[in-house]
Amino acid sequence: MKYERDFSLAYDSIYLNKDYKRESEFILSCCGENKDILDIGCGTGNHSVILSQKSKSVTGIDLSEQIIAVDKSKAKLIKKEARCRFLVKR
């Protein structure tokens, strides 16, 4: 879908000033490190990728195939594919 493709390209620009690192640290402080984490509505995977650095595994779920494609490329770039798994669920 054109909307999903366009939105996936703009997503990170829209949330450019969001403090993903601080939010991820808060999540880890609540859940603990070295756990399996489920990121529902993961967007382009910014939380998932950060959380994967101190988690056993992270599974990110989103509605958009285009968004999930961005997630997978981010995880691959930082070599966290083994800890990050991204799924499209409708």
Side-chain angles (χ1 to χ4, degrees):
M1 295 171 72
K2 185 179 180 331
Y3 170 77
E4 286 184 20
R5 181 182 53 84
D6 292 346
F7 186 66
S8 69
L9 297 172
Y11 189 94
D12 284 334
S13 296
I14 293 168
Y15 295 105
L16 184 65
N17 295 319
K18 187 174 174 90
D19 194 347
Y20 289 101
K21 183 174 171 46
R22 184 168 158 244
E23 291 175 358
S24 297
E25 289 170 358
F26 174 75
I27 292 166
L28 287 170
S29 74
C30 294
C31 299
E33 294 184 12
N34 204 30
K35 306 281 184 180
D36 295 314
I37 295 178
L38 177 61
D39 186 358
I40 300 172
C42 64
T44 58
N46 292 310
H47 287 114
S48 297
V49 169
I50 294 168
L51 291 168
S52 72
Q53 296 172 11
K54 295 185 178 179
S55 301
K56 184 176 175 185
S57 70
V58 178
T59 300
I61 298 174
D62 207 279
L63 297 173
S64 168
E65 291 178 29
Q66 287 80 8
I67 291 278
I68 293 297
V70 173
D71 298 338
K72 289 177 179 179
S73 66
K74 283 183 182 179
K76 189 173 184 177
L77 277 174
I78 65 159
K79 306 203 182 328
K80 293 292 181 185
E81 313 96 310
R83 289 191 183 170
C84 290
R85 183 173 85 151
F86 296 103
L87 306 170
V88 177
K89 293 292 181 182
R90 295 191 185 252

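Proximity of V49 to S24: side-chain heavy atoms (C-beta onward) are nowhere separated by under 4.5 Å. Taking 4.5 Å as the limit, some side-chain heavy atom of I67 sits within range of a side-chain heavy atom of Y11.
With rounding to the nearest 0.5 angstrom, the NE2 atom of H47 is 12.5 Å from the CG atom of D71. Separating the CG atom in L63 from the CG atom in L87 is a distance of 12.0 Å, to the nearest 0.5 Å. Of the inter-residue distances, the one linking Y20 atom OH with D12 atom CG reads 6.0 Å to the nearest 0.5 angstrom. The distance from atom CZ of R83 to atom CG of L51, rounded to the nearest 0.5 Å, is 11.5 Å. To the nearest 0.5 Å, atoms CD1 (I50) and OG (S55) are separated by 11.0 Å. Between the CG atom in N46 and the OH atom in Y15 there is a gap of 11.0 Å [rounded to 0.5 Å].
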Listing, residues 31-43 side-chain donor-acceptor contacts under 3.5 Å, not counting sequence neighbours, or none:
{"unit_1": "D36", "atom_1": "OD1", "unit_2": "S57", "atom_2": "OG", "d": "2.6"}
{"unit_1": "D39", "atom_1": "OD2", "unit_2": "S48", "atom_2": "OG", "d": "2.7"}

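Residues meeting the salt bridge (charged side-chain N to carboxylate O under 4.0 Å, His left out) test with E23, sequence neighbours left out: K18.
Under a 4.5 Å side-chain heavy-atom cut-off, the cluster of Ile, Leu, Val, Met, Phe, Trp and Tyr residues that includes V88 is completed by I68, F86.
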